[in-house]
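I have placed the structure first, in the form of structure tokens, so that the comments after it can refer back to it.
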Amino acid sequence: MPIPTTMKAVVLHKADEMLVESRPVPRPGPGEVVLKVDCASICGTDVKVLHRTLQGQPAGEFIMGHEYAGTVVAVGADVDEFGPGDRVAVEVHKGCERCENCIKGWYTSCLNYGDLAKGHRAKGLTCDGGFAEYAVNHINTLYRLPDNLTFEQACMVTTAASPLWAIDLMGGYLAGETVLVQGPGPIGLIAVQLCKALGAARVILTGTRDERLAVGARLGADHVINIRKENLAARMRELTAGKGADSVLECAGGPTSMQEALENVKRGGRIGVVAWYTGPVTMDMNLAVRSNVRIYAARGEGGMNSGRSLALMSQGKIVADPIITHHFALDEVHDAFRTYTERIGNALKVVIHV
Ligand SMILES: [Zn+2]
Ligand SMILES: [Zn+2]
């Protein structure tokens, strides 16, 4: 199929003004490929982008979307790693490849974050993304999609890689532990599965919506606690013989979530923070200091954990399908966002088919 010169794309103008418009199809530069996008998904960061509250996003018009997957249709002159027809998953961040953080794999906290001239890209966040018929990606953001995974599942790779990056920073070793996962959104529901896949003895999932907690129980959570209906601290004491969880994955992002993490982690335990917060939060840091609690904040999908996530998905150890609840066409992007933000029909992950 010849590549057209123009395409449909979701373009952000001013805050909350997102239009489906015609844009030129991008061309691949050195190290880049052009993808025919198959589908894309919406995450909380896209909502911040839409409101123009995400730090570092371009001031002018740009194409939204950072979770997408598709097929390579054209490659830059120097690219022999991928070719037309390759099905790929993408990760959001391309490091600048010149700062010390990028060299060690911490490209989601690149010291040149958002500096396009220095080579950094965060697709759909600091430059054009993938809510479009075509997108350009550097090869170091691409992972060959295993044959048994669909494009929809591939869209979930960042959702999986973010908690996996937190676990990586926490030392990567959960075997035999009791892990408290806070927040049964898409990230928390995948975190539950990651903990089980990595050998956690018990996973306790907390949240405020029974429907989401029920999905968590189906995906492997050993205990679920609705913190609006039950006393979290009392339940945790009961479940852990008074010790608290060996580690906590904070995926909730509520105003009291960090305080709950500190109250329910054991002495010397670890907290991995994957959530984003709507503003500053209050917590008693004496709880952390008194108990040698180690806190690891993780931004996005660093450390090449997208590839590891795909491997776990391909082996069936992480299933994305129960988390993918709604489907829309590109022209229905406004309905897709409304369904996601208002959680219509218990929406978890909303996919846009291009
Ligand atoms: Zn995201
Ligand atoms: Zn860098």
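Atoms within a ligand are numbered from 1 in the order they appear, just like the ligands themselves.
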Once you round to the nearest 0.5 Å, how far does [atom1] of [X] lie from [atom2] of [Y]?
X	Y	atom1	atom2	answer
F151	S41	CZ	OG	14.0 Å
I3	R27	CD1	CZ	9.0 Å
D246	L174	CG	CG	9.0 Å
H66	I42	NE2	CD1	10.5 Å

Quiz item: Near the Zn ion (ligand 2), which protein N/O/S atoms fall under 2.8 Å?
Solution: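 Near the Zn ion (ligand 2), below 2.8 Å, one finds C96 SG, C99 SG, C102 SG, C110 SG.
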Quiz item: How wide is the angle at the Zn ion (ligand 1) between NE2 in H66 and SG in C43, to the nearest 10°?
Solution: 100°
Quiz item: Would H51 and D16 count as having a side-chain donor-acceptor pair, cut-off 3.5 Å?
Solution: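 Yes, side-chain donor-acceptor contact under 3.5 Å.
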Practice problem: Answer yes or no for R270 and Y296: cation-pi contact, defined as NZ/CZ to six-membered ring centre under 6.0 Å and angle to ring axis within 45°. | Solution: no
